[in-house]
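All remarks here apply to the structure that follows.
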Protein chains: 2
Amino acid sequence: MEQTRRAARRPTISDVATAAGVSRAAVSKVLRDAYGVSEEMRSRVHRAIEELDYRPSTAARALRGTTSTIGVMLPLFRTSFFDDVLAGAVEELETSSYQLILAPVDSAHASGRRALEALSDRQVDGIVALSPLVEPTWLESFATRTALVELGRHDPSARYDTVVGDDVRGAELVMEHLLALGHRRVLHVTHHDPDLAHLSRTPPALRRATYEKAMTNAGLAEHIEVLETSFDDRRAAEALRVALEAGSRPSAVFAGNDDAALGVLRTLAEAGGRHGLSPRTVSVCGYDDTKMASHPLIGLTSVDQDGAAMGRLATRMLLERIAGREQPRHEVIQPRLVVRSSSREVDPGA
Amino acid sequence: MEQTRRAARRPTISDVATAAGVSRAAVSKVLRDAYGVSEEMRSRVHRAIEELDYRPSTAARALRGTTSTIGVMLPLFRTSFFDDVLAGAVEELETSSYQLILAPVDSAHASGRRALEALSDRQVDGIVALSPLVEPTWLESFATRTALVELGRHDPSARYDTVVGDDVRGAELVMEHLLALGHRRVLHVTHHDPDLAHLSRTPPALRRATYEKAMTNAGLAEHIEVLETSFDDRRAAEALRVALEAGSRPSAVFAGNDDAALGVLRTLAEAGGRHGLSPRTVSVCGYDDTKMASHPLIGLTSVDQDGAAMGRLATRMLLERIAGREQPRHEVIQPRLVVRSSSREVDPGA
DNA sequence: CTGAAAGCGCTAACAC
DNA sequence: GTGTTAGCGCTTTCAG
């Protein structure tokens with residue numbers, strides 16, 4: 001068999017038709033299991049497909065209609081929570097005939113729009129996205145063209161669906177827990193993004209507001225202390241280091257997500273001693289219950305909002321929408337507190 | 001402005017042409033910055049594009065030629081090493097005009113072929129893949145149609161490029177380190193996949209073979225003990241638990257990757273005590289130097305093979321190939337041992 | 001049950 | 001400098 005050096009042209013539906021001695025339309029019908037093909041023809045065509053190693057071109061199909069592909073857009077900024085969401089989406093799609101393509105977004109940058117459009121340019125039949133930076137009005141208009149399910153948005157929309165964790169409830173669970181353990185000097189670590197600063201209903205903003213409210217309600221307003229940093233191990237660690245240097249002495253830390261919590265533990269382990277603190281004397285809580293939280297060497301108390309379930313649900317909703325549903329859906333996932341060894345009663349010596 | 005309820009048809013190049021009062025070809029030229037358009041026409045066209053919110057269809061372009069998109073295929077089975085690779089690829093593409101789409105692969109399943117084909121069906125201009133399960137012969141033929149760079153393959157190919165870490169050297173670094181610390185009962189944890197069992201040149205297989213050779217060379221052949229499990233926290237933990245139950249008493253563990261190493265630490269922390277072992281008495285080494293390895297609460301000695309650099313390099317090589325390079329390249333990345341607190345001299349009391 | 005033909009949105013000759 | 005036109009590979013009426 002002759003092996004050409006360079007890129008043998010991909011066989012097309014015409015090649016298959018010729019090889020099988022039938023028309024292109026016939027091949028197309030076999031391909032799509034359409035009505036009206038004789039058994040004999042079907043097998044002839046299948047044989048030709050095998051022989052030529054033919055694969056239909058998605059691009060050509062896209063030009064005519066749908067692609068059987070859904071797009072997922074997640075920040076590359078990946079905490080394992082996003083992995084869980086993605087895994088859920090993949091799982092949900094396994095039983096369907098849909099393909100999944102993923103558009104990674106470099107940073108939390110405004111590139112969210114670009115990524116959504118890129119996906120849409122590729123004629124995906126629908127999109128599951130986590131794009132907090134894109135404005136609702138823009139999304140509304142985008143969603144008139146492409147079926148869309150947004151993750152992490154607390155405000156429902158008439159045009160797209162939403163799946164979101166109950167961040168207020170989750171944060172309440174954490175605060176009730178810490179206050180019940182006797183803590184008064186509870187520090188909160190939040191994700192601060194200048195582009196996001198004007199939004200009050202993002203998950204980080206709601207967790208923070210709930211923290212502040214809980215502190216105030218407990219008569220601890222004077223102990224409110226918020227570290228504005230990033231949901232990122234290194235940055236959160238650095239922020240806490242600076243705060244400790246400046247004299248901050250929390251007995252407990254509520255970190256807005258697990259990555260930040262890991263950073264908190266990092267600093268407590270590395271530099272805490274210098275200030276009389278350590279992972280064993282400070283109670284730390286995270287959010288998302290990522291894989292590392294459950295590691296016994298970490299043992300991080302965290303809020304589980306089941307990313308995989310969110311991914312599955314969002315995908316299922318998207319398929320519904322593609323199938324024609326018009327009424328928007330807004331689903332709120334109930335969080336659950338998972339208590340581990342990083343939780344401890346307030347140190348009486350402090 | 002009227003807002004239609006359902007999916008307004010996407011504007012096409014013809015709509016733009018009509019709106020701007022020019023021909024479609026003219027619009028196409030403006031779009032592609034082609035030669036031969038007057039300033040005035042250019043601005044008229046741009047204005048029309050703005051107004052209609054026109055975006056060219058990738059599918060239609062694909063039908064004519066290239067898509068300016070490269071595909072990345074990585075096992076979903078994501079250890080953060082893959083994240084690093086992906087981040088490297090994204091970074092490399094930022095300065096180019098290429099888009100990136102990602103095909104997640106459910107498990108280490110034979111679905112690798114499917115994912116590669118799916119990408120190819122979408123007319124990506126090239127692919128960076130990590131697909132150990134796909135046979136070289138199949139890849140060779142696939143690569144005649146689509147530019148391809150494979151990660152983690154030790155055998156060069158004439159048709160596709162390869163980027164791989166020097167697993168033999170990396171494993172040697174680990175073994176030299178452990179033996180120098182005085183360890184004799186060194187256990188190895190490897191990734192065992194029935195579908196992969198016949199391959200002797202995969203990264204896990206080479207790490208394992210190097211372990212066995214190092215043990216033999218050190219006169220410790222009788223202490224060779226290999227746990228065949230998965231490069232996965234939970235599974236590795238379970239495998240070690242069983243081994244300890246069965247009487248295994250290693251003084252050091254060389255885990256084939258960091259996830260497995262985390263599993264080892266998990267079991268040592270949870271169940272080790274029952275057998276007189278703990279994370280503090282057993283020296284543990286991993287591979288990949290993932291983010292968690294550097295956390296002070298983990299402090300895992302590991303082999304850094306710089307996933308981000310691999311991702312960048314692979315992507316750069318792919319672009320070269322797309323640009324026309326014919327000679328295959330095979331690049332080997334040199335690993336580096338990063339020693340942390342999980343390394344310790346052999347416990348004299350044992 | 002099968003085939004001919006139109007057209008999806010775009011690009012690239014080529015003609016004007 | 002600008003417009004016409006012929007496909008790219010596929011699906012889908014509509015005749016035969």
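Labels below follow one simple rule: chain letters A, B, ... track the order of the sequence lines, proteins then strands, and each chain is numbered from 1. This one's a predicted model, so the numbers in the text were calculated from it and none came from an experiment.
- With sequence neighbours left out, Arg329(B) forms a salt bridge (Lys or Arg N to Asp or Glu O under 4.0 Å) with Glu320(B), Glu331(B).
- Atom-to-atom, CD of Glu39(A) to P of dC1(C) comes out at 10 Å; the value is rounded to the nearest Å.
- For residues 11-21 of chain B, proximity to DNA chain C is found at Thr12(B), Ile13(B), defined as any non-hydrogen atom under 4.0 angstrom from a strand atom.
- Put simply, OH on Tyr54(A) is 7 Å from C1' on dG9(D), counting in whole angstrom units.
- A side-chain donor-acceptor contact under 3.5 Å links Thr315(A) to the backbone of Gly311(A).
- We find that CZ of Arg44(A) is positioned 15 Å from P of dC1(C), with the value rounded to whole Å.
- If you measure from atom CZ of Arg24(A) to atom C1' of dT13(D), you get 14 Å, rounded to the nearest angstrom.
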Apply side-chain contact (heavy atoms from CB on, under 4.5 Å) to the pair Leu102(A) and Met73(A), showing each step before the final yes or no. CA-CA 6 Å; Leu102(A) 210 154; Met73(A) 178 204 142; over 6 Å; no
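- For residues 65-75 of chain A, no residue pair satisfies the salt bridge (Lys or Arg N to Asp or Glu O under 4.0 Å) rule, not counting sequence neighbours.
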Enumerate, atom names and distances included, each donor-acceptor pair closer than 3.5 Å involving a side-chain atom of residues 149-158 of chain B, sequence neighbours excluded.
residue	atom	partner	partner atom	Å
Glu150(B)	OE1	Ser131(B)	OG	3.3
Glu150(B)	OE1	Arg153(B)	NE	3.0
Glu150(B)	OE2	Ser131(B)	OG	2.7
Arg153(B)	NH1	Val134(B)	O	3.3
Arg153(B)	NH2	Ser131(B)	O	2.5
Arg153(B)	NH2	Val134(B)	O	2.6
His154(B)	NE2	Asp167(B)	OD2	2.6
Asp155(B)	OD1	Arg201(B)	NE	2.8
Asp155(B)	OD1	Arg201(B)	NH2	3.0
Ser157(B)	OG	Glu140(B)	OE2	2.5
Ser157(B)	OG	Arg159(B)	N	2.9
Ser157(B)	OG	Tyr160(B)	N	3.3

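- Not a single salt bridge (Lys or Arg N to Asp or Glu O under 4.0 Å) links Arg32(B) to another residue, sequence neighbours left out.
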Collect all protein-nucleotide pairs involving nucleotides 13-16 of chain C in which both atoms are nitrogen or oxygen and the distance is under 3.5 Å.
none

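- Rounded to an integer number of Å, the gap from Gln123(A) CD to dC10(D) P is 16 Å.
- Listed by first and then second residue, the salt bridge (Lys or Arg N to Asp or Glu O under 4.0 Å) pairs involving residues 121-134 of chain B are Arg10(A)-Asp121(B), Arg55(A)-Asp121(B) (not counting sequence neighbours).
- The CG-C1' distance, from Asp33(B) to dA12(C), rounds to 16 Å in whole Å.
- With dG3(C), dG9(D), dT12(D) as the choices, the nucleotide that has an atom nearest any side-chain atom of Leu63(B) turns out to be dG9(D).
- Within the structure, every side-chain polar atom (N or O) of Arg55(B) is placed at least 4.0 Å from both OP1 and OP2 of dG9(C).
- Here salt bridge (Lys or Arg N to Asp or Glu O under 4.0 Å) pairs that include residues 11-29 of chain A, with residues two or more places apart or in two chains, are Arg9(A)-Asp15(A).
- In this entry the distance linking CZ of Arg122(A) with C1' of dC8(C) reads 17 Å, nearest Å.
- In terms of phosphate contacts, Arg32(A) brings a side-chain nitrogen or oxygen within less than 4.0 Å of OP1 or OP2 of dT12(D).
- Regarding Arg10(A), its CZ atom lies at a distance of 8 Å from the P atom of dC10(D), rounded to whole Å.
- The nearest heavy atom of DNA chain D to Arg61(A) and to Glu40(B) marks one nucleotide each, and the one closer to the 5' end goes with Glu40(B).
- A distance-only check finds no donor-acceptor pair linking the side chain of Thr18(A) to the backbone of Val16(A) [under 3.5 Å].
- When distances are taken from the side chain of Ser38(B) to each of dT12(D), dC8(D), dG1(D), the shortest belongs to dG1(D).
- Closest to the side chain of Arg64(B), from the set dT2(C), dT12(D), dG9(C), is dG9(C).
- OP1 or OP2 of dG9(D) has not a single side-chain nitrogen or oxygen of Ser57(A) nearer than 4.0 Å.
- The ring pair (Phe, Tyr, Trp, His ring centres under 6.0 Å) search around Phe142(B) returns Trp138(B), not counting sequence neighbours.
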